[in-house]
Amino acid sequence: RKPNPPIRIGEVYKQVTEWISNELLRDIQPGAVVSGSILRRAIQAVRGSDKRTITKWIQVFANHHLIKNVGGDAWEII
């Protein structure tokens, strides 16, 4: 199922994945797995450092099938 999030969520997701790409110095393709710490740092850089904000955006991305937990603290970019 191809993700189709609302525009605002899609924009934040794009900013987060671009931050991750720049930080890791490589393109992030669908299916890439990133650690939770990298994902949290990216959200923190884009949306703010409040723990509630970070948790909210991880839940929003997961609910809209943009990311998937693949065990422990690893997340797949969909």
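Treat the numbers as computed from the prediction; the structure is a model and nothing was measured. We're numbering straight along the sequence, starting at 1.
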Side chain to side chain contact (heavy atoms under 4.5 Å, CB included) between V16 and F61, intermediate numbers included: CA-CA 11 Å; V16 167; F61 292 157; 4.1 Å; yes

I28 and W19: CA distance, side-chain angles, deciding distance, side chain to side chain contact (heavy atoms under 4.5 Å, CB included) verdict: CA-CA 10 Å; I28 297 296; W19 187 94; over 6 Å; no

Walk me through it: do V60 and V12 pass the test side chain to side chain contact (heavy atoms under 4.5 Å, CB included)? CA-CA 10 Å; V60 166; V12 174; over 6 Å; no

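The ring-ring contact (aromatic ring centres under 6.0 Å, His included) contacts involving residues 27-49 comprise nothing, where partners must be two or more places apart or lie in separate chains.
Counting only heavy atoms from C-beta outward, the side chains of I67 and I78 never approach each other to under 4.5 Å. Counting only heavy atoms from C-beta outward, the side chains of W57 and L39 never approach each other to under 4.5 Å.
Cluster membership check: Y13 does not share its hydrophobic cluster with V33, using side-chain heavy-atom separations under 4.5 Å among Ile, Leu, Val, Met, Phe, Trp and Tyr.
Take W75 and apply the ring pair (Phe, Tyr, Trp, His ring centres under 6.0 Å) test, not counting sequence neighbours, and it matches no residue. Considering only residues two or more places apart in sequence or on other chains, K56 meets the salt bridge (charged side-chain N to carboxylate O under 4.0 Å, His left out) condition with none of them.
Summarising the geometry of I54 relative to S49, their closest heavy-atom pair is CD1-O, 3.8 Å, with the distance given to 0.1 Å. Counting all heavy atoms, side chain and backbone alike, G31 lies closest to E76 at CA-OE2, 3.5 Å.
To the nearest 0.5 Å, atom CG of residue L66 and atom CG of residue N4 are 9.5 Å apart. Annotation: the span from T55 atom OG1 to R40 atom CZ amounts to 8.5 Å, rounded to 0.5 Å. In this structure, Q44 CD and S37 OG are separated by 11.0 Å, a value rounded to the nearest 0.5 Å. Between the CD1 atom of I77 and the CD1 atom of I20 there is a distance of 5.0 Å, given to the nearest 0.5 Å.
Checked by atom type and distance alone, the side chain of D27 never pairs as donor or acceptor with a backbone atom of Q29 at under 3.5 Å. For N22 (side chain) and L25 (main-chain N/O), no donor-acceptor pair under 3.5 Å exists by modelled atom type.
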